[in-house]
Undergrad: 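I have a structure here, written as structure tokens, and I will follow up with some questions on it.
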Amino acid sequence: MCPRDWWSRGCETVCALALPCGVWELGDQVPLGLSSLQASGIMWYVSTRGKAPRVNFEGALFSGYAPDGGLFMPEELPQLDRKTLCQWSTLSYPGLVKELCALFIGSELIPKDELNDLINRAFSRFRHREVVHLSRLRNGLNVLELWHGVTYAFKDLSLSCTAQFLQYFLEKREKHVTVVVGTSGDTGSAAIESVQGAKNMDIIVLLPKGHCTKIQELQMTTVLKENVHVFGVEGNSDELDEPIKTVFADMAFVKKHNLMSLNSINWSRVLVQMAHHFFAYFQCMPSLDTHPLPLVEVVVPTGAAGNLAAGYIAQKIGLPVRLVVAVNGNDIIHRTVQQGDFSLSEAVKSTLASAMDIQVPYNMERVFWLLSGSDSQVTRALMEQFERTQSVNLPKELHSKLSEAVTSVSVSDEAITQTMGRCWDENQYLLCPHSAVAVNYHYQQMDRQQPSTPRCCLAPASAAKFPEAVLAAGLTPETPAEIVALEHKETRCTPMRRGDNWMLMLRDTIEDLSRRWRSHALNTSR
């Protein structure tokens, strides 16, 4: 069992097994602007809690939590100089992903040409030729659309790359994994799309029947590939967590069947999400000719704080961004930034920005670790206290550093619908409710006539996925043909009814998939 409590509301159930991985040899090529550690060609990852062996990228990729319950982070962050930033400023979004991944993976583990091929393959199914797109709207409103992947959500970006990295190492090691995901919507569909058809991976997704949006459910149940296995649970997200928790508590079973998950604690996902901030910066900066380089404000709507952690790491390695974290009524991050109050509310609030209805923003642990100067003792003490009591007041110095690094805002449902309406009136542009959380901050600043720093609002999902919220804002949903077509496709979903033994059904499915893989491996080796 991971040494963590399972706090999730069911939206991203996680735990993972670290598979054996190789150790890098010393390299002789040094990318621009790197620290002395990178000059050796070795990038090591350590746990934020300091009591787990360090691993290379492959070890971090196949791990969820580190064995001591912490999260993996680079042992030392590279530093990008001005020359590197100027060279990167003309790159496409995929180009930035390639540079960042090369920096944090290393050519000893994945040669650069092969890495580029993996990333090209990951982005080959995106609808927009730029993969992500910046919409420049009235009054300085810049919206970075991160939702041009298959499932119309930002998770397609990082998961498509992560799945390619996983498949690369699995083929190399002749291994198989079974990915188990408990979802309330977006993570399940993005995870399915990222691994569907993969030879060395099966995916099992448990969704809460009737608790996802219709579109989210169809995106999961209409994928009929042999390696995709969807269960519709007669229960809510918390209830479907239980059988997954029980299965992952059996470490011998986890190890035997190579179980893992693809939640946003996975370092690979945070790594790819750093590119959002670089692309936002280069698209919105006024000029690279000034000294120092100009600031750009990036507004990050978040629930689990993965995009925030990615932005803060980008800031730490030299990107001149000012971060604003925007949350809905589930305001633990906002309270932490404003008051140092990192404590759970009595319950998760249901909001229009439903993908951000999260109680525990687990990636804040990465932020705390960086703020503390990579002090694993401080981080471990904070997080262990939080796990015991569900409440922590940040030490004064740590809170001070956090509030210097990040600004925050909490946005109500009423403000979300007002923002969606205003953006439509001014631009004929439909925001999803999560994007509206970010844009609301822009409108607040504009209405107060604050001095204008260039600003970019991250848009994590398309409004097409949330027609109910669009209607609540008094607007007319626009449904793309691909989403309309879902209603006419064949579906496949195994029911988990009340009274069934869900844990036994899950275990039996995992064992069956392992048998199939062993049989396949045996036949192909003859």
Side-chain angles (χ1 to χ4, degrees), residues 80 82 85 88-89 93 96 132-146 154 273-303 305-328 331 333-334 336-338 353 356 361 363-364 367 370-371 400-411 415-416 419 422-423 426-427 429 431 434-460:
L80 302 179
R82 184 189 182 93
L85 289 172
W88 285 15
S89 67
Y93 178 85
L96 288 167
V132 304
H133 173 69
L134 184 77
S135 280
R136 301 179 192 273
L137 306 177
R138 288 184 59 192
N139 298 317
L141 174 57
N142 297 304
V143 176
L144 189 63
E145 299 166 356
L146 303 174
F154 82 102
Q273 286 169 184
M274 287 168 61
H276 307 347
H277 299 269
F278 279 86
F279 193 70
Y281 179 80
F282 294 132
Q283 291 287 302
C284 297
M285 65 178 183
S287 167
L288 282 174
D289 297 331
T290 59
H291 294 266
L293 290 172
L295 277 174
V296 170
E297 200 166 58
V298 180
V299 189
V300 185
T302 195
N307 268 340
L308 175 63
Y312 189 51
I313 297 164
Q315 189 185 86
K316 293 286 282 185
I317 68 175
L319 188 69
V321 288
R322 181 187 297 152
L323 296 170
V324 179
V325 59
V327 299
N328 58 20
D331 65 349
I333 299 176
H334 179 56
T336 305
V337 172
Q338 298 297 319
M356 291 156 54
N363 276 293
M364 286 301 289
V367 176
L370 288 168
L371 287 166
S400 176
K401 287 181 178 177
L402 176 62
S403 54
E404 285 171 17
V406 181
T407 306
S408 68
V409 64
S410 175
V411 180
I416 287 172
T419 300
R422 177 172 174 177
C423 189
E426 293 182 3
N427 303 282
Y429 185 92
L431 293 169
H434 312 78
S435 310
V437 170
V439 172
N440 179 264
Y441 173 82
H442 173 77
Y443 286 153
Q444 285 184 38
Q445 300 306 106
M446 201 178 76
D447 292 347
R448 291 173 190 157
Q449 299 184 322
Q450 298 288 342
S452 182
T453 302
R455 182 179 298 120
C456 186
C457 297
L458 302 186

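The model shown is predicted, which means the values in this text are computed figures rather than measured ones.
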Undergrad: For residues V143 and A459, report the shortest heavy-atom separation together with the two atoms involved.
TA: CG1-CB, 3.5 Å
Undergrad: Any idea which heavy atoms bring G303 and I333 closest together, and the distance?
TA: O-CD1, 3.9 Å
Undergrad: Determine yes or no for a side-chain-to-main-chain donor-acceptor pair under 3.5 angstrom, with R138 supplying the side chain and C423 the backbone.
TA: no
Undergrad: Could you check whether any side-chain N or O of H442 sits under 3.5 Å from a backbone N or O of N139, counting only pairs where one atom can act as donor and the other as acceptor?
TA: yes
Undergrad: Are the side chains of I416 and V437 in contact, using a 4.5 Å heavy-atom criterion?
TA: yes
Undergrad: Shortest non-hydrogen contact from A405 to Q315?
TA: O-NE2, 3.9 Å
Undergrad: What I'd like to find out is whether the side chain of P320 reaches to under 4.5 Å of the side chain of P294, using heavy atoms alone.
TA: no
Undergrad: Kindly compute the distance separating CG (L137) from CG (L431), expressed to the nearest 0.5 Å.
TA: 8.0 Å
Undergrad: Roughly how far apart are L370 CG and K316 NZ, rounded to 0.5 Å?
TA: 6.0 Å
Undergrad: Test F278 against every option in L80, V321, V298 by the side-chain contact (heavy atoms from CB on, under 4.5 Å) rule and name the one that passes.
TA: L80
Undergrad: Using the test side chain to side chain donor-acceptor pair (under 3.5 Å), find all partners of S135 that sit at least two apart in sequence or belong to another chain.
TA: E145
Undergrad: Do L402 and V367 come close enough that some side-chain heavy atom pair is under 4.5 Å?
TA: yes
Undergrad: Is the backbone of A353 close enough, under 3.5 Å, to the side chain of N328 for a donor and an acceptor to pair up by distance?
TA: yes
Undergrad: Could you list the residues that satisfy side chain to side chain donor-acceptor pair (under 3.5 Å) with T407, not counting sequence neighbours?
TA: none
Undergrad: If every non-hydrogen atom of D331 is compared with every non-hydrogen atom of V327, which pair is closest and at what distance?
TA: CA-CG2, 3.9 Å
Undergrad: Would a distance-only check, ignoring hydrogens and angles, find a side-chain to backbone donor-acceptor pair under 3.5 Å from H277 to N307?
TA: yes
Undergrad: Partners of R136 by salt bridge (Lys or Arg N to Asp or Glu O under 4.0 Å), sequence neighbours excluded?
TA: none
Undergrad: How long is the gap from CG on L319 to CH2 on W88, to the nearest 0.5 Å?
TA: 9.5 Å
Undergrad: Which atom names give the shortest non-hydrogen contact between P460 and S435, and what distance separates them?
TA: CD-OG, 3.5 Å
Undergrad: Could you check whether any side-chain N or O of N440 sits under 3.5 Å from a backbone N or O of V411, counting only pairs where one atom can act as donor and the other as acceptor?
TA: no
Undergrad: Quick one: do the Q338 and S403 side chains pair a donor with an acceptor below 3.5 Å?
TA: no
Undergrad: What closest approach, in Å, do A305 and N363 show between heavy atoms, and which atom pair accounts for it?
TA: O-CB, 3.3 Å
Undergrad: To the nearest 0.5 Å, tell me how far F282 CZ sits from L288 CG.
TA: 7.0 Å
Undergrad: Can you find a side-chain donor-acceptor pair between S410 and H334 that sits under 3.5 Å?
TA: no
Undergrad: In terms of ring plane angle, is the pair H276 and F154 parallel, tilted or perpendicular, where the classes change at 30° and 60°?
TA: perpendicular
